[in-house]
2 protein chains.
Amino acid sequence: MNIDELKKIIRDVQDFPKKGIIFKDITTLLKEPSAFESSIKLLLKECEKHSVDKVLGIESRGFIFGAPIANKLNAGFIPVRKPGKLPAETISETYELEYGTDSIEIHKDAINPGDKVVIIDDLLATGGTAQAACNLVDKCGGEPVLVAFLIELKFLNGRAKLKGRNVFTLIDF
Amino acid sequence: MNIDELKKIIRDVQDFPKKGIIFKDITTLLKEPSAFESSIKLLLKECEKHSVDKVLGIESRGFIFGAPIANKLNAGFIPVRKPGKLPAETISETYELEYGTDSIEIHKDAINPGDKVVIIDDLLATGGTAQAACNLVDKCGGEPVLVAFLIELKFLNGRAKLKGRNVFTLIDF
């Protein structure tokens with residue numbers, strides 16, 4: 001499938017997670033083998049422009065694309081998770097939400113100094129989580145070579161928060 | 001890597017998530033490309049004994065194995081998630097915990113009647129979540145042909161809850 005076909009297979013769900021929001025539901029893409037395969041392939045193509053040691057997936061939809069891409073790149077897969085989920089020693093990064101703040105964590109020993117890291121998530125919205133993930137990689141001494149998303153919600157201007165980072169998004173809304 | 005080598009690369013973390021529990025931490029396996037590749041390959045080998053339409057991954061570590069396996073089988077990937085996370089109409093299944101209950105959800109249109117389904121999670125502990133996932137597939141009219149796990153904690157006897165199901169686990173503790 002090409003990008004236009006992938007775009008069409010993503011379902012709009014009205015009023016989720018709250019009234020007035022139109023949610024881009026990727027489960028309709030995931031359940032269609034050729035659509036899932038094409039989106040992995042197209043994201044992979046971008047990742048292959050770099051030498052990659054680790055692929056970092058952001059919990060939890062980032063795992064769905066991050067894990068197969070790590071495997072295909074022959075890179076390690078690193079889960080970035082919500083607070084309290086990773087069992088060993090972690091490094092944490094806090095980011096701002098519309099109201100309040102949230103945090104994500106990475107294992108302290110997940111990334112070696114100098115590791116070239118691709119960060120993967122399904123959706124670039126306000127960019128807060130991805131920015132925090134880049135900061136985690138920096139703190140570990142790794143190098144974020146690419147931040148890749150399946151979908152970008154352009155009207156939220158998440159790229160502003162990722163200024164200076166190498167950002168790739170497959171499907172724009 | 002063979003199963004013994006995979007077993008060794010899984011890290012014990014003391015007192016997680018609470019005092020007295022030794023947690024099997026798979027992040028040390030995931031970050032090692034050859035270990036991640038071997039575990040996917042060995043799970044895949046078991047899945048390939050069946051004709052598979054959908055691979056169902058249980059949130060969130062089940063996504064890490066379920067997504068690459070779905071992709072390699074050329075099957076659809078179906079996320080089973082905690083309540084309130086899936087945007088469209090869902091079917092829910094409740095299961096018992098040590099204290100109280102918990103639920104998981106699947107999209108109502110995720111599985112077609114007659115679909116052959118593999119259920120994947122990282123860990124078979126008490127079996128409650130996997131049993132609930134099997135029940136969700138039944139409710140959708142699908143056929144759970146295999147329930148596959150990376151790790152089984154044998155002393156918790158989770159297989160008792162999955163009686164009558166086709167269960168495969170790669171690494172026993």
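Naming: A, B, ... by sequence-line order, numbering from 1 per chain.
- At a cut-off of 3.5 Å, with distance as the only test, a side-chain donor of A/S60 or B/R81 sits close to an acceptor on the other residue.
- Expressed to the nearest 0.5 Å, how far CZ of B/F77 lies from CZ of A/F65 amounts to 9.5 Å.
- The contact between B/I64 and chain A is made by backbone and side chain atoms together, counting heavy-atom distances below 4.5 Å.
- The two residues B/A67 and A/F36 make their nearest non-hydrogen contact at O-CE2, 3.6 Å.
- Counting heavy-atom pairs closer than 4.5 Å to chain A, the top-ranked of the candidates B/L29, B/D109, B/V55, B/I40 is B/D109.
- More than 12 heavy atoms of other shown residues, nucleotides or ligands fall within 6.0 angstrom of atom NZ in A/K139.
- At a threshold of 4.5 Å between side-chain heavy atoms, the hydrophobic network of Ile, Leu, Val, Met, Phe, Trp and Tyr places A/L162 and A/I171 in two separate groups.
- Here A/P68 is the residue among A/P68, A/S34, A/A88 with the most heavy-atom pairs under 4.5 Å with chain B.
- Residue B/E59 holds its CD atom at 7.0 Å from CD of A/E59, rounded to the nearest 0.5 Å.
- Heavy atoms closer than 4.5 Å to chain B are found in both the backbone and the side chain of A/L86.
- Using a 4.5 Å cut-off between heavy atoms, B/D15 makes no contact with chain A at all.
- Within a 6.0 Å radius of CD in A/E5, other residues, nucleotides and ligands contribute more than 12 heavy atoms.
- One hydrophobic cluster, built from ILVMFWY side chains closer than 4.5 Å, cannot hold both B/L153 and B/V167; they sit in different ones.
- Contacts of B/F16 with chain A are made by side-chain atoms alone, with heavy-atom separations under 4.5 Å and no backbone atom involved.
- Put simply, the side chain of B/I78 does not reach to within 4.5 Å of the side chain of A/L30, judged on heavy atoms.
- Of all heavy-atom pairs between B/G76 and A/P33, the closest is N-CG, 3.6 Å.
- For a residue to count as touching a neighbouring chain, one of its non-hydrogen atoms must lie under 4.5 Å from one of that chain's; by this rule B/I69 does not touch chain A.
- Counted within 6.0 Å of NZ on A/K82, heavy atoms from surrounding residues, nucleotides or ligands total more than 12; the atom is thus considered enclosed.
- Annotation: the span from A/T28 atom OG1 to B/H107 atom NE2 amounts to 8.5 Å, rounded to 0.5 Å.
- Side chain to side chain, B/E37 and A/N74 fail the donor-acceptor criterion of an N or O pair below 3.5 Å.
- For A/K31 (side chain) and B/P79 (main-chain N/O), no donor-acceptor pair under 3.5 Å exists by modelled atom type.
- When heavy atoms are compared at a cutoff of 4.5 Å, B/P87 approaches chain A by way of both its backbone and its side chain.
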